[in-house]
There are 2 protein chains.
Amino acid sequence: MDLELVASDAQEGKKQELKLWLRLLATTKLMSQEIRRRLRREFGATLPQFDLLAQLYREKDGLRLGELSSRTMVTNGNVTGLVERLEADGTILRERLEDDKRVTVARLTEKGRSYFEGMAEAHERWIKEMMAEVDPTVISGLLTHVGHVKESAQRHLSDED
Amino acid sequence: MDLELVASDAQEGKKQELKLWLRLLATTKLMSQEIRRRLRREFGATLPQFDLLAQLYREKDGLRLGELSSRTMVTNGNVTGLVERLEADGTILRERLEDDKRVTVARLTEKGRSYFEGMAEAHERWIKEMMAEVDPTVISGLLTHVGHVKESAQRHLSDED
DNA sequence: GGCAATTGTTTCAGGCCTCAAGGAAAGTCT
DNA sequence: AGACTTTCCTTGAGGCCTGAAACAATTGCC
């Protein structure tokens, strides 16, 4: 094609990032609303709870609240409340360390363990169902490219961490 | 490579959708936390407010709350509160229609208009900055492929709409 | 016209979320 | 030891979010 088209492409391309961002946002919002709805209906759970339980599931010895907070990208203050509610209905428990009485460790109970397994199985099924019409090649392409976006974003945060 | 590898690839591929989902979620969470932080610091605004204002910006005659709700993917009840707060600090105003007194229309004020323009300019800059290290080709590939994911998800919701 | 169903918004309870400020335990410095 | 600083968690105010129930105005049906 000619220079004119290249030029207009370049201009058109200027807002590509913004469009991508809006589309990413809309897509994850759509999907998480659906997941939320189903978690609620079928398990009486919320997405943040599911997320938190998933972290505890793979750590038999439990995690300190601070670790939980950074792994789930949820603020400390918020973890406190989440953990309180989950402890109240017996899916996890919480105890202070003897060595260092500042830290609290949360751990899945047996009940919590099997409860989570049921949810995880359903959750994975739902995701596959929602992405059913997307070509597997496209999926793995997205996996690496979304990874690039994440890494780029990570390097451009206000304060480093 | 041989059959074994193909087979193991196929097995490996089984959780690709789940991985992609988690990565999408983590990426948008990371980016929106950053955007939120900056909107707050530099404009005293929140992301949902920005989103809502963006919709009103392109509709000079305003929008009914129901329209706002579906365009921003925010529930009706939530729109009520958002609109109340935005009206309180004078960026939008709200009025009932004469023809149909059930409907309320929200519209940007002049103040709101220029306030939003400032934010929008910064917002776009931030997005480009965060995606700076991603190849433009990759960006446009993502744009279409994330679109596929969205469409697929849209066709697999519990209740149709 | 009068009653029922529908549409558009608000209200409410419960949970999520952030930032900022508080308190308690452990480490550090002199 | 006593005072400073840091680490880990909790609290509190303000806002976002959902689903369900309440209300009000409009439309449809007889």
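In what follows, every chain begins at residue 1, and chains take the letters A, B, ... in the order their sequences are listed. Everything numeric here is computed off the predicted structure, so don't read it as measured data.
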At 4.0 Å (heavy atoms only), tell me whether Gly77(B) reaches a base, stays on the sugar-phosphate, or touches nothing. base
Return the 5'-most residue of the pair Leu82(B), Arg102(B) with respect to DNA chain D, ranking by each residue's nearest nucleotide. Leu82(B)
Find the distance Asn78(A):CG to dC17(D):P and express it as a whole number of Å. 14 Å
Could you tell me how far apart Leu97(B) (CG) and dT26(D) (P) are, to the nearest whole angstrom? 10 Å
Please state whether the phosphate of dG15(C), meaning OP1 or OP2, lies under 4.0 angstrom from any side-chain nitrogen or oxygen of Thr46(A). no
Counting only side-chain nitrogens and oxygens, does Gln33(B) get under 4.0 Å of the OP1 or OP2 atom of dT18(C)? yes
Any Arg36(A) side-chain nitrogen or oxygen under 4.0 Å from OP1 or OP2 of dT18(D): no
Please round to the nearest 0.5 Å and tell me the distance separating atom CH2 of Trp126(A) and atom CD1 of Ile35(A). 6.5 Å
Glu34(B) and His156(A) side chains, donor-acceptor separation under 3.5 Å: no
NA contact type, Thr104(B), heavy-atom cut-off 4.0 Å: base, sugar-phosphate, or nothing? sugar-phosphate
Arg37(A) CZ to dC16(C) C1', straight-line distance once rounded to whole Å: 17 Å
Checking contacts here: which listed nucleotide (dT18(C), dA25(D), dT10(C)) is nearest the side-chain heavy atoms of Thr80(B)? dT10(C)
Straight-line distance of Thr104(B) OG1 to Glu87(B) CD, nearest 0.5 Å: 10.0 Å
Along DNA chain D (nearest heavy atom to each residue), the more 5'-positioned of Arg40(A) and Gly81(B): Gly81(B)
At under 4.0 Å between heavy atoms, what does Asp51(B) touch on the DNA or RNA strands: base, sugar-phosphate, or nothing? nothing
Distance in angstrom units between Ile35(B) CD1 and dC19(C) C1', rounded: 18 Å
For dC8(D) and Arg64(A) - does any side-chain N or O of the residue sit under 4.0 Å from the phosphate oxygens OP1/OP2? yes
Whole angstrom is fine here: how far is it from CG in Asp99(A) over to P in dT7(D)? 18 Å
Measure from the side-chain heavy atoms of Asp100(B) and tell me the nearest of dT18(C), dG15(C), dT26(D). dT26(D)
Output yes when a side-chain donor or acceptor of Lys19(A) lies under 3.5 Å from a complementary backbone atom of Ser140(B), and no otherwise. no
Starting from the C-alpha separation in whole Å, work towards a yes-or-no answer on side-chain contact (heavy atoms from CB on, under 4.5 Å) for Leu157(A) and Leu30(B). CA-CA 9 Å; Leu157(A) 306 176; Leu30(B) 180 70; 4.3 Å; yes
Are Arg94(B) and dT10(C) close enough that a side-chain N or O sits under 4.0 Å from OP1 or OP2? yes
